[in-house]
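All residue numbers refer to positions in the sequence shown, counting from 1.
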Amino acid sequence: VSARSEAKCAGAVAGIKAAAGPRASVDCLPLELSSLASVKRFCEAVRPKLQALGGLHALVLNAGVMFPPYMLTEEGIEWQFGVNHVAHFLIARELQGLLVASAP
C-alpha cells in the first residue's frame with residue numbers, strides 16, 4: 001500500500017488491519033506523486049520487497065487528480081500533468097526491469 005505521508009500510511013495500515021484482523025501483513029510506503037524524488041524513493045524501497053515476494057506481475061497506475069488549482073510540482077511541472085502522467089511514467093520506467101524479469 002502507498003500513501004502520501006507516513007501519517008497516512010499509518011492510518012491505512014490501521015484501517016486494513018481493523019478490517020482484516022491484527023495478524024494481517026501490511027506494508028505501506030510513502031509516495032507523493034507530485035515529487036519525482038518521492039517517486040524514486042518509493043521505487044527504490046518497493047523493488048526489494050517485490051523481489052522477495054516473487055516479482056512484479058502486474059502494474060496498475062490509476063491514482064490521479066482532477067481540476068486542482070494551478071500549481072507546480074517540486075520540479076516545475078504543471079501539478080495535474082505531473083501527478084497524473086509524469087509520476088506514473090517514472091514508476092513504470094523504474095519498475096520495468098522487474099516487471100519484465102518476472103514474466104513467466
List for me each residue that meets side chain to side chain donor-acceptor pair (under 3.5 Å) alongside [X], sequence neighbours excluded, and say none if there are none.
| X | answer |
| --- | --- |
| Ser38 | none |
| Ser2 | none |
| Glu78 | none |
| Arg93 | none |

remark   = Across all chains, not counting sequence neighbours, the side chain to side chain contact (heavy atoms under 4.5 Å, CB included) partners of Ala45 are Leu29

key: Set of side chain to side chain contact (heavy atoms under 4.5 Å, CB included) partners for Ala20, sequence neighbours left out   = Ala24

Contacts of Phe89 that satisfy ring-ring contact (aromatic ring centres under 6.0 Å, His included) - sequence neighbours left out = none

query = Can you name the residues that form a ring-ring contact (aromatic ring centres under 6.0 Å, His included) with His57, not counting sequence neighbours?
reply = none

message = Within the structure provided, determine whether Val1 and Val26 are in side-chain contact (heavy-atom separation under 4.5 Å).
response = yes

message = If you define the side chain from C-beta out and look only at heavy atoms, does anything of Ile77 sit under 4.5 Å from Leu36?
response = yes

All pairs passing salt bridge (Lys or Arg N to Asp or Glu O under 4.0 Å) where residues 35-57 contributes a residue, at least two apart = Asp27-Lys49, Arg47-Glu94

inquiry  = Taking salt bridge (Lys or Arg N to Asp or Glu O under 4.0 Å) as the cut-off, I'd like each qualifying pair that reaches into residues 1-23, sequence neighbours left out, listed once.
reply    = Arg4-Glu32

remark   = Separation between CG (Leu72) and CZ (Phe81), nearest 0.5 Å, reads 13.0 Å

Met71 CE to Gln80 CD distance, which is reported to the nearest 0.5 Å = 9.5 Å

Test side chain to side chain contact (heavy atoms under 4.5 Å, CB included) applied to His88 and Val83, Leu61, Val39, the passing residue = Leu61

request  = Scan for side-chain hydrogen bond (donor to acceptor under 3.5 Å, both in side chains) pairs involving residues 58-77, sequence neighbours excluded, and state none if there are none.
outcome  = Ser35-Glu74, Thr73-Glu75

Side chain to side chain contact (heavy atoms under 4.5 Å, CB included) evaluation trace for Gln96 with Leu59 = CA-CA 9 Å; Gln96 178 180 3; Leu59 183 60; over 6 Å; no

inquiry  = For a quick test of reading the model, state the closest non-hydrogen atom pair linking Gly54 to Ser102 and the distance between them.
reply    = O-OG, 4.5 Å

message = If you apply the rule side chain to side chain contact (heavy atoms under 4.5 Å, CB included), what do you find for Val65 with Leu33, and how did you get there?
response = CA-CA 10 Å; Val65 296; Leu33 292 171; over 6 Å; no

Pairs touching residues 14-104 that satisfy disulfide bond (SG atoms under 2.5 Å apart), sequence neighbours left out = Cys9-Cys28

inquiry  = Tell me whether Leu31 shares a hydrophobic cluster with Leu98, the cluster being built from Ile, Leu, Val, Met, Phe, Trp, Tyr side chains joined at under 4.5 Å.
reply    = yes

